[in-house]
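Below: one structure, written as structure tokens.
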Amino acid sequence: MQIKDDWLATILCAMNDAIKFNDTLRNSETVTDVEDVEEWLMQIFECKEYLQEEISKNPQLISRLEKHFKI
């Protein structure tokens, strides 16, 4: 599968938003199964790490996208 370079920033931003949202949700009193949320957070982190590893293979992409690696 190939992802257009222009979409990578959007994907990384969406992943950062998902991490922030689910971290807030994890600490919410409305969640009955915190482990499910934590498992989902781990999957998002792993996916983001994979994307970062793939992006790191292209130095031009690193400089364009490094600001999106931070949450």
Side-chain angles (χ1 to χ4, degrees):
M1 171 174 53
Q2 290 186 331
I3 300 171
K4 291 181 180 182
D5 292 350
D6 294 339
W7 292 356
L8 288 171
T10 303
I11 293 169
L12 288 169
C13 287
M15 295 183 98
N16 287 339
D17 288 348
I19 290 168
K20 289 176 189 176
F21 173 80
N22 283 285
D23 192 45
T24 302
L25 186 64
R26 179 176 58 110
N27 296 316
S28 167
E29 293 180 12
T30 59
V31 172
T32 56
D33 194 348
V34 175
E35 289 180 13
D36 280 347
V37 176
E38 289 175 344
E39 184 177 328
W40 179 238
L41 272 168
M42 289 305 301
Q43 289 180 14
I44 296 170
F45 275 117
E46 288 174 14
C47 183
K48 185 176 176 185
E49 285 177 9
Y50 171 77
L51 283 175
Q52 286 177 281
E53 288 172 13
E54 292 300 307
I55 290 167
S56 70
K57 295 175 183 176
N58 184 335
Q60 290 176 332
L61 281 177
I62 293 172
S63 63
R64 283 181 42 208
L65 299 173
E66 66 185 340
K67 65 183 175 189
H68 301 294
F69 293 151
K70 300 173 185 142
I71 300 174

Could you give the distance from [atom1] ([X]) to [atom2] ([Y]), rounded to the nearest 0.5 Å?
| X | Y | atom1 | atom2 | value |
| --- | --- | --- | --- | --- |
| Leu51 | Leu61 | CG | CG | 11.0 Å |
| Ile19 | Thr24 | CD1 | OG1 | 11.5 Å |
| Ser63 | Ile55 | OG | CD1 | 11.0 Å |
| Gln52 | Cys47 | CD | SG | 10.5 Å |
| Leu65 | Cys13 | CG | SG | 9.0 Å |
| Ile3 | Ile11 | CD1 | CD1 | 4.5 Å |

Glu38 and Asn22, any side-chain heavy atoms less than 4.5 Å apart | no
Should Arg26 and Asp23 count as an ion pair when the cut-off is N to O under 4.0 Å?
-> yes
Is there a path from Met42 to Phe21 through hydrophobic residues (I, L, V, M, F, W, Y) whose side chains come within less than 4.5 Å of each other?
-> no
What closest approach, in Å, do Leu12 and Lys48 show between heavy atoms, and which atom pair accounts for it?
-> CD2-CG, 4.1 Å
Not counting sequence neighbours, which residues clear salt bridge (charged side-chain N to carboxylate O under 4.0 Å, His left out) with Asp6? List them please.
->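 Partners of Asp6 under the salt bridge (charged side-chain N to carboxylate O under 4.0 Å, His left out) test: Arg64.
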Residues in side-chain contact (heavy atoms from CB on, under 4.5 Å) contact with Glu54, at least two apart in sequence or another chain = Tyr50, Lys57
Under the side-chain contact (heavy atoms from CB on, under 4.5 Å) rule, collect the residues that match up with Val31, sequence neighbours excluded.
->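 Testing Val31 for side-chain contact (heavy atoms from CB on, under 4.5 Å), a comparison that skips the adjacent residues, returns Leu25, Ser28, Val34, Val37.
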